[in-house]
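Numbers here are sequence positions counted from 1.
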Amino acid sequence: RDISEYVLAQIGPSSAAGMVMEWTGPVLEQLSLDARFPLCCNALFFGAWTGIINPDAMTLEYVRARNPEPFDPLYSDADATYAKVYEIDISGIAPQVVPPPLRHTAGPVTQYAGTPVNRAFLGACENSRMEDMRVAAKILKGRKIHPEVILNITPGTVGILKQCIQEGLMEIFVDAEALVASPNCGMCWGANTPWLPAMSASPPGPAITPGAWGARMPKSTLAARRPWWHPPWRARLSTRGSIRELRAQRIWPPRAARA
């Protein structure tokens with residue numbers, strides 16, 4: 001997710017206006033499917049109609065496990081020409097924060113040290129998949145949510161909700177005193193834990209425009225985006241209640257790649 005927000009801040013909200021945005025590069029080979037989905041999901045904030053990534057073996061395995069019907073995968077033509085090509089170095093980028101109301105003003109979390117947080121949200125089309133749930137549960141296990149914070153965890157699908165129950169993650173979330181909602185878009189449109197004036201939150205949902213969460217968000221509100229491989233960043237915010245206690249750290253390359 002931070003990759004998408006970082007790139008958006010570099011090339012702007014009209015960089016792919018009216019186009020189809022294709023993500024390529026060696027980084028994608030190291031991303032899980034759960035991590036690739038937000039890249040395509042965020043394409044509309046670049047002005048694009050949609051975002052695509054050419055399928056690889058991981059993609060085909062994922063689809064075939066969920067679709068018994070035969071299909072022919074589609075790939076970009078080898079001799080395709082592109083209206084625009086951007087090459088961006090994402091090595092060493094830090095966790096990104098996107099302050100509303102603009103979606104293309106991401107900056108490193110260190111710029112917002114000291115900002116209190118009293119709402120946190122793990123869900124929506126961006127970060128509600130099983131990978132997000134597992135890593136958040138890992139950091140929440142044995143901890144409690146900060147008394148001034150509400151953590152809304154909204155699994156993305158009924159299947160993910162069931163898997164959370166089967167793997168014992170739901171018990172961890174409940175013991176941490178998080179609010180777990182039935183699968184839906186969640187706080188992205190103000191559901192379950194609606195927004196109130198003078199609140200500051202850490203949401204992963206794409207909508208941060210004033211009024212999108214119920215009450216009109218004050219200008220000081222910060223919409224913090226979690227590193228794609230590090231859902232504990234959001235979980236830690238909810239247990240500590242402030243951005244100031246989070247360590248600034250590099251999120252790319254991932255630990256496995258650096259090793």
Side-chain angles (χ1 to χ4, degrees), residues 1-96 98 102-106 123-132 156-157 159-160 185 188 204-208 225-231 250-259:
R1 175 66 183 277
D2 283 87
I3 295 173
S4 175
E5 302 297 353
Y6 179 80
V7 172
L8 177 59
Q10 303 306 305
I11 65 178
S14 59
S15 52
M19 305 176 188
V20 173
M21 186 176 185
E22 179 179 333
W23 292 86
T24 64
V27 169
L28 297 178
E29 299 173 2
Q30 301 181 54
L31 297 182
S32 66
L33 266 294
D34 280 0
R36 297 179 194 181
F37 291 141
L39 295 177
C40 297
C41 183
N42 262 355
L44 77 159
F45 296 110
F46 295 81
W49 286 109
T50 189
I52 61 173
I53 298 173
N54 277 323
D56 58 7
M58 185 190 305
T59 308
L60 298 179
E61 180 182 356
Y62 180 93
V63 175
R64 286 169 179 154
R66 293 161 175 78
N67 175 34
E69 300 296 326
F71 66 93
D72 294 321
L74 300 177
Y75 301 89
S76 300
D77 294 335
D79 60 350
T81 58
Y82 296 86
K84 299 179 182 180
V85 176
Y86 296 97
E87 294 185 9
I88 298 175
D89 180 9
I90 63 166
S91 61
I93 66 174
Q96 298 293 293
V98 183
L102 302 178
R103 282 289 284 103
H104 60 282
T105 56
C125 53
E126 302 284 2
N127 299 117
S128 62
R129 297 176 177 86
M130 203 59 218
E131 185 176 282
D132 303 307
T157 67
I160 292 174
C185 289
C188 190
I208 63 169
R225 303 298 178 179
R226 72 162 187 80
W228 67 264
W229 61 273
H230 200 63
R250 185 173 65 175
I251 68 162
W252 187 264
R255 291 175 183 173
R258 291 202 297 271

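- A 4.5 Å side-chain heavy-atom check between Met21 and Leu39 finds every atom pair outside the cut-off.
- Using modelled atom types, one finds a donor on one side chain and an acceptor on the other under 3.5 Å when comparing Ser91 with Asp89.
- Closest approach of Gly51 and Ala43 over heavy atoms only: N-CB, 3.5 Å.
- Counting heavy atoms from C-beta outward, Trp23 and Val7 have side chains that approach closer than 4.5 Å.
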Anything under 3.5 Å between a donor and an acceptor, one on a side chain of residues 65-74, the other on a protein residue two or more places apart or in another chain? List them.
residue, atom, partner, partner atom, Å
Arg66, NH1, Tyr62, O, 3.0
Asn67, OD1, Glu69, N, 3.2
Asn67, ND2, Glu69, O, 3.4

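- For the pair Leu31/Met58, no side-chain contact is recorded, criterion being any heavy-atom separation below 4.5 Å from C-beta on.
- With Asp2 contributing its side chain and Gln96 its backbone, the two residues share a donor-acceptor pair below 3.5 Å.
- Taking 4.5 Å as the limit, every side-chain heavy atom of Pro13 sits out of range of all side-chain heavy atoms of Phe45.
- Considering only heavy atoms from C-beta on, Ile53 comes within 4.5 Å of Leu28 through its side chain.
- Closest heavy-atom contact between Leu60 and Pro55: CD2-CB, 4.3 Å.
- In this structure a side-chain-to-backbone donor-acceptor pair under 3.5 Å is missing from Ser14 to Ala17.
- Between the side chains of Tyr82 and Glu22, a donor-acceptor pair is found at a separation under 3.5 Å.
- More than 12 heavy atoms of other residues, nucleotides or ligands lie within 6.0 Å of CD in Gln10, so this atom counts as buried by the packing criterion.
- Rounding to the nearest 0.5 angstrom, the gap separating the CD atom in Glu5 from the CD1 atom in Ile93 is 10.0 Å.
- Under the salt bridge (Lys or Arg N to Asp or Glu O under 4.0 Å) criterion, Arg129 pairs with no residue, sequence neighbours left out.
- Asp34 places a side-chain N or O within donor-acceptor distance of the main-chain N or O of Glu131, the cut-off being under 3.5 Å.
- Here the closest non-hydrogen pair linking Ser15 and Tyr86 is CB-OH, 3.7 Å.
- Between Arg36 and Asp56 there is a salt bridge, since a side-chain N of the basic residue sits under 4.0 Å from a carboxylate O of the acidic one.
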